Engineer: 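Questions regarding the structure given below will be posed in turn.
Side chains are part of it too, since the values below use all heavy atoms of this structure and drop only hydrogens, waters and symmetry mates. Treat the numbers as computed from the prediction; the structure is a model and nothing was measured. One is the number of the first residue; the rest follow in order along the sequence.
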Amino acid sequence: MNAHKRSLLVRLLLAGASIFLTQLPAAALAQDKPVSGGTLNMLVQPEPPSLMLGLNQLGPTQFAASKIYQSLLTYGPDLKPLPSLATSWTISPDNLTYTFVLQKNVKWHDGKPFSSADVVFSADKFLRETHPRLRALMNQRVESVKADGDDKVVFRLKEPFNPFIYAFEVSTMPIVPKHIYDGTDYRTNPANNTPIGTGPFKLKEWKRGSYIHLVKNPDYYKPGLPYLDEIYLRVIPDAASRAVAFERGTVDVLRGGDVENFEVRRLQKLPDVGVTTAGWEMFSPNLWLQMNLRKPPFDKKEVRQAIMYAMDRNFVLKNIFFNVGKVATGPIASTTLYYDKNVPSYNYDMAKAKKMLADAGVKPGDYTIKVLPIPYGSVWDRLGEYTKQQLEQLGFKVTIEATDPAGWSKKVSDFDFDLTMNFLYQYADPAIGVTRNYVSTNIIKGTPFGNNHGYNNPEVDRLLGAAPLLKSADARQRMYSEAQRILVDDVAVGYLIEMQYATLYRNKVHNLVTTGIGLNESLDNVWISK
């Protein structure tokens with residue numbers, strides 16, 4: 001990749017394409033003299049089904065559990081790696097060996113010492129079984145994970161794989177306690193209800209339907225941190241009530257998605273309120289329709305293409321997402337590496353969509369389609385209703401199948417759906433965040449974030465497997481470009497919107513967004529003015 005392209009990429013990552021009036025860079029959120037103490041009130045929406053981050057990677061779980069669990073690294077707004085449980089790291093000249101030196105004097109929340117054995121167990125055993133994104137990466141790329149004493153871990157790759165440095169973000173590789181999980185049934189271990197991590201905050205109480213209460217870890221390994229005494233993650237199901245809670249000062253922070261986008265425009269004008277779209281550089285979420293390709297009529301490419309022509313994505317962006325984001329073109333977001341806009345396009349054309357079905361010999365009235373909206377609030381309900389309306393215009397019989405986050409996760413994980421919505425975190429490089437959704441080796445039950453739609457194309461398998469191994473960035477781009485063209489033509493999923501989020505916060509809250517993972521950080525450096 002030439003210097004111009006790299007410069008453009010950095011500008012995209014740091015700036016996004018925000019419509020908000022008062023976007024502040026992360027550095028502007030910091031002030032000179034932090035003080036200890038205080039309570040930070042936030043929302044978690046919807047309420048997560050679990051806080052065991054190694055078993056569940058839904059967005060609300062990532063946000064809440066990232067204060068409890070940690071990984072070896074975190075990442076700056078420029079996506080450069082930064083220390084977390086690892087103080088330093090080296091990569092061998094042949095790019096095969098990654099060696100991490102661990103923080104000293106780290107304890108688990110139950111007082112047991114943390115060591116390299118926990119990292120080896122987490123990466124090489126626990127997460128290989130439970131974590132779809134990391135499992136695919138580990139099984140395909142990693143030859144071995146070994147401890148070198150108590151404070152050093154060595155990852156040995158099968159072949160050079162440059163994106164591997166991005167695998168150590170907290171939701172990708174959360175480190176879990178070996179002494180609690182080794183030799184147990186991971187999914188039924190009682191500790192899943194009382195998660196134990198190394199992070200700056202410990203779970204004190206989870207009053208379901210009301211709040212998750214996190215308190216300061218007095219044994220945290222960073223001297224003087226965290227500054228906060230406690231965090232309340234409050235559960236308020238109604239979006240309008242969440243907006244009122246912020247307006248009245250009941251909560252101090254609104255994450256992206258906590259309130260309707262039109263409310264963001266209003267609330268950001270309140271006195272003593274700041275807004276930023278920083279903190280999503282690692283994720284660049286991409287929203288799509290997920291059709292179960294095992295089931296008629298979605299097993300026919302022409303049907304999937306017709307559905308794409310029937311979806312007015314500009315309407316969706318304007319009227320459902322209130323112009324926050326942009327229309328997606330394919331599997332890789334325009335804000336991340338190896339994006340290519342030169343892919344087949346699906347401009348809204350209902351007449352063409354109907355003709356495609358007729359030409360393919362498909363009689364829509366013969367099929368009843370169950371639409372399973374992602375249960376994250378009213379925006380998603382409206383998207384579900386709009387999708388139902390468009391499919392009915394095509395002639396299909398359509399029903400809405402409502403569920404809660406746990407139910408949605410189970411249905412998608414078990415391939416028990418017709419059509420749903422999902423959004424993909426990119427994780428800085430397509431080899432980490434995108435490949436997992438399309439390679440046939442990741443058609444595995446047990447998670448909603450793999451190739452649950454059942455897409456299987458040997459050429460895409462080849463391209464996505466080979467691209468990250470190439471030394472030349474231009475050669476990688478050519479392979480990723482070809483994969484994008486095939487995936488969009490096949491409508492492996494129906495690409496809708498590149499999502500964008502704003503964080504609103506009271507100006508008394510400092511250091512809130514400082515890295516490329518935003519509010520999925522540990523928040524150990526956040527403080528509140530007295």
Engineer: Pairing donors with acceptors under 3.5 angstrom, does anything connect the side chains of Ser66 and Asn520?
Structural biologist: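 No donor-acceptor contact under 3.5 Å links the two side chains.
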
Engineer: If we ignore hydrogens and angles and just use 3.5 Å, is the side chain of Gln426 paired with the main-chain N or O of Ala333 as donor and acceptor?
Structural biologist: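 It does hold such a pair.
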
Engineer: So, do Lys352 and Asn347 sit near enough that their side-chain heavy atoms are less than 4.5 Å apart?
Structural biologist: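 No, their side chains stay 4.5 Å or more apart.
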
Engineer: Counting distance only, does the side-chain N/O of Glu498 pair as donor-acceptor with the main-chain N or O of Gly325 below 3.5 Å?
Structural biologist: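 Answer holds: no.
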
Engineer: Between Glu263 and Arg266, does any NZ, NE, NH1 or NH2 come within less than 4.0 Å of an OD or OE carboxylate oxygen?
Structural biologist: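 Between Glu263 and Arg266 there is a salt bridge, with a charged N closer than 4.0 Å to a carboxylate O.
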
Engineer: Quick check: do Arg478 and Leu470 have side-chain heavy atoms less than 4.5 Å from each other?
Structural biologist: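 Contact flag for Arg478/Leu470 side chains = no.
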
Engineer: What's the verdict on salt bridge (charged side-chain N to carboxylate O under 4.0 Å, His left out) for Glu482 and Arg485, showing C-alpha distance, side-chain angles and the deciding distance?
Structural biologist: CA-CA 5 Å; Glu482 180 61 21; Arg485 284 190 284 274; 3.3 Å; yes

Engineer: How about Lys158: does its NZ atom have over 12 heavy atoms from other parts shown lying under 6.0 Å from it?
Structural biologist: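 Yes, the 6.0 Å shell around NZ holds more than 12 heavy atoms from other groups.
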
Engineer: Does the Gln477 side chain pair with the main chain of Tyr338, one donor and one acceptor, at a distance under 3.5 Å?
Structural biologist: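 Side chain of Gln477 to backbone of Tyr338, a donor-acceptor pair under 3.5 Å: yes, one is there.
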
Engineer: The criterion is ring pair (Phe, Tyr, Trp, His ring centres under 6.0 Å); which residues satisfy it with Tyr348, sequence neighbours excluded?
Structural biologist: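 Per chain and number, Tyr348 pairs via ring pair (Phe, Tyr, Trp, His ring centres under 6.0 Å) with no residue.
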
Engineer: Over all heavy atoms of both residues, which pair between Leu394 and Pro364 is shortest? Give the atoms and the distance, please.
Structural biologist: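 Minimum heavy-atom separation between Leu394 and Pro364: O-CG, 3.3 Å.
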
Engineer: Before giving the answer on side chain to side chain donor-acceptor pair (under 3.5 Å), spell out for Thr447 and Gln57 the whole-Å C-alpha distance, their side-chain angles and the decisive distance to 0.1 Å.
Structural biologist: CA-CA 9 Å; Thr447 172; Gln57 290 85 45; 4.6 Å; no

Engineer: Under 3.5 Å, side chain of Arg304 to main-chain N/O of Phe298, donor-acceptor pair present?
Structural biologist: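 Confirmed, Arg304 side chain pairs with Phe298 backbone.
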
Engineer: Would you say the side-chain atoms of Thr172 pair up with the backbone N or O of Phe168, donor to acceptor, closer than 3.5 Å?
Structural biologist: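 Not a single qualifying donor-acceptor pair exists.
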
Engineer: Can you classify the ring geometry of Tyr425 versus Phe283 as parallel (below 30°), tilted (30 to 60°) or perpendicular (above 60°)?
Structural biologist: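 Answer is tilted, since the angle falls between 30° and 60°.
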
Engineer: Taking C-beta and beyond as the side chain, do Asp252 and Met42 meet within less than 4.5 Å on heavy atoms?
Structural biologist: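 No, their side chains stay 4.5 Å or more apart.
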
Engineer: Give a yes or no answer on whether the side chain of Glu47 reaches the backbone of Gly209 with a donor-acceptor pair at less than 3.5 Å.
Structural biologist: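 Checking the backbone N and O of Gly209 against the side chain of Glu47, a donor-acceptor pair under 3.5 Å is found.
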
Engineer: Can a donor-acceptor pair be found, under 3.5 Å and without considering hydrogens, that links the side chain of Asn452 to the backbone of Phe415?
Structural biologist: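 A pair under 3.5 Å: no.
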
Engineer: Assess, by modelled atom type and distance only, whether the side chains of Thr277 and Gln500 contain a donor and an acceptor separated by less than 3.5 Å.
Structural biologist: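 No donor-acceptor contact under 3.5 Å links the two side chains.
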
Engineer: Ignoring hydrogens, what is the shortest heavy-atom contact between Glu281 and Thr515? Give both atom names and the distance.
Structural biologist: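 So the minimum-distance heavy-atom pair works out to OE1-O, 4.0 Å.
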
Engineer: For Tyr339, give me all partners under ring pair (Phe, Tyr, Trp, His ring centres under 6.0 Å), at least two apart in sequence or on another chain.
Structural biologist: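 Testing Tyr339 for ring pair (Phe, Tyr, Trp, His ring centres under 6.0 Å), a comparison that skips the adjacent residues, returns none.
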
Engineer: Using 30° and 60° as the class limits, which term best fits the ring planes of Trp380 and Phe423: parallel, tilted or perpendicular?
Structural biologist: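 Plane angle under 30°, so parallel.
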
Engineer: Specify the closest pair of heavy atoms between Ser50 and Met52, including all atoms of both residues, with the distance to one decimal.
Structural biologist: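 Here Ser50 and Met52 meet closest at OG-N, 2.9 Å.
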
Engineer: Considering all heavy atoms of both residues, which atom of Ala428 and which atom of Leu337 are nearest to each other, and what is their separation?
Structural biologist: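 Answer, listing the atom of Ala428 first, then Leu337: O-CD1, 3.5 Å.
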
Engineer: Which atom pair, heavy atoms only, marks the closest approach of Met421 to Gly384?
Structural biologist: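 Met421 and Gly384 have their closest heavy atoms at CE-CA, 3.7 Å.
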
Engineer: Is it true that Phe315 and Tyr386 have ring centroids separated by less than 6.0 Å?
Structural biologist: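 Aromatic pair counts; centres sit under 6.0 Å.
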
Engineer: Please evaluate residues Leu267 and Val273 with respect to the criterion side-chain contact (heavy atoms from CB on, under 4.5 Å), reporting the C-alpha separation (whole Å), side-chain torsions for both, the decisive distance (0.1 Å), and the verdict.
Structural biologist: CA-CA 8 Å; Leu267 294 171; Val273 168; 5.8 Å; no

Engineer: Go through the side-chain N and O atoms of Ser284 and Thr336 and say whether any donor and acceptor fall under 3.5 Å apart.
Structural biologist: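 Side-chain D/A pair, Ser284 to Thr336: absent.
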
Engineer: CG/Leu424 to CG/Asn437 distance, rounded to the nearest 0.5 angstrom?
Structural biologist: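 With rounding to 0.5 Å, CG (Leu424) is 5.0 Å from CG (Asn437).
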
Engineer: Give me the atom names and distance for the closest heavy-atom approach of Leu58 to Pro49.
Structural biologist: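 Taking every non-hydrogen atom into account, CD1-CG, 3.6 Å.
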
Engineer: Under a 3.5 Å distance rule, please check whether Arg313 uses its side chain to pair with a backbone N or O of Tyr495 as donor and acceptor.
Structural biologist: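 Yes, the answer is positive, given that a donor and an acceptor are paired below the 3.5 Å cut-off.
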
Engineer: Tell me if a side-chain donor or acceptor on Arg133 pairs with a main-chain N or O of Ser171 at a distance below 3.5 Å.
Structural biologist: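 Looks like yes, one N/O pair under 3.5 Å.
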
Engineer: Assess whether atom NZ of Lys295 is packed by more than 12 heavy atoms of other residues, nucleotides or ligands within 6.0 Å.
Structural biologist: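 Atom NZ in Lys295 is crowded, with more than 12 foreign heavy atoms closer than 6.0 Å.
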
Engineer: In terms of the angle between their ring planes, are Trp408 and Phe449 parallel, tilted or perpendicular, with boundaries placed at 30° and 60°?
Structural biologist: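 Because their plane-to-plane angle lies in the 30° to 60° range, the rings of Trp408 and Phe449 count as tilted.
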
Engineer: Indicate whether any N or O donor in one side chain lies under 3.5 Å from an N or O acceptor in the other, for Gln393 and Gln390.
Structural biologist: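 Gln393 vs Gln390: donor-acceptor pair found between side chains.
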
Engineer: Which is it for Val491 and Met291 under the side-chain contact (heavy atoms from CB on, under 4.5 Å) test, yes or no, and what are the steps along the way?
Structural biologist: CA-CA 9 Å; Val491 191; Met291 294 165 268; 3.8 Å; yes

Engineer: Show, in sequence, the C-alpha distance, side-chain angles and deciding distance for Asn342 and Gln484, and conclude whether the side-chain contact (heavy atoms from CB on, under 4.5 Å) test is met.
Structural biologist: CA-CA 9 Å; Asn342 298 310; Gln484 288 171 80; over 6 Å; no

Engineer: Less than 4.5 Å apart, side chain to side chain, heavy atoms only: is that true for Phe321 and Leu287?
Structural biologist: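 A side-chain contact exists here, since the closest heavy-atom pair is under 4.5 Å.
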
Engineer: Below 4.0 angstrom, N of the basic side chain to O of the carboxylate: do Asp414 and Lys445 qualify?
Structural biologist: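 No, Asp414 and Lys445 are not salt-bridged.
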
Engineer: Taking NZ, NE, NH1 and NH2 as the nitrogens, is one of them in Asp489 or Lys301 under 4.0 Å from a carboxylate oxygen of the other?
Structural biologist: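 Salt bridge present between Asp489 and Lys301.
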
Engineer: Output, in order, the C-alpha distance, side-chain angles, deciding distance and verdict of side-chain contact (heavy atoms from CB on, under 4.5 Å) for Val142 and Arg128.
Structural biologist: CA-CA 11 Å; Val142 179; Arg128 272 192 195 264; 4.3 Å; yes

Engineer: Please check: side-chain N/O of Tyr346 versus main-chain N/O of Met311, any donor-acceptor pairing under 3.5 Å?
Structural biologist: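 No, the answer is negative, given that no donor and acceptor are paired below the 3.5 Å cut-off.
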
Engineer: Starting at CG of Asp258, measure out to CG of Leu504 and round the result to the nearest 0.5 Å.
Structural biologist: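 Spacing of CG (Asp258) from CG (Leu504) equals 9.0 Å.
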
Engineer: Is the centre of the Tyr166 ring less than 6.0 Å from the centre of the Tyr427 ring?
Structural biologist: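 Between Tyr166 and Tyr427, the centre distance exceeds or equals 6.0 Å.
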
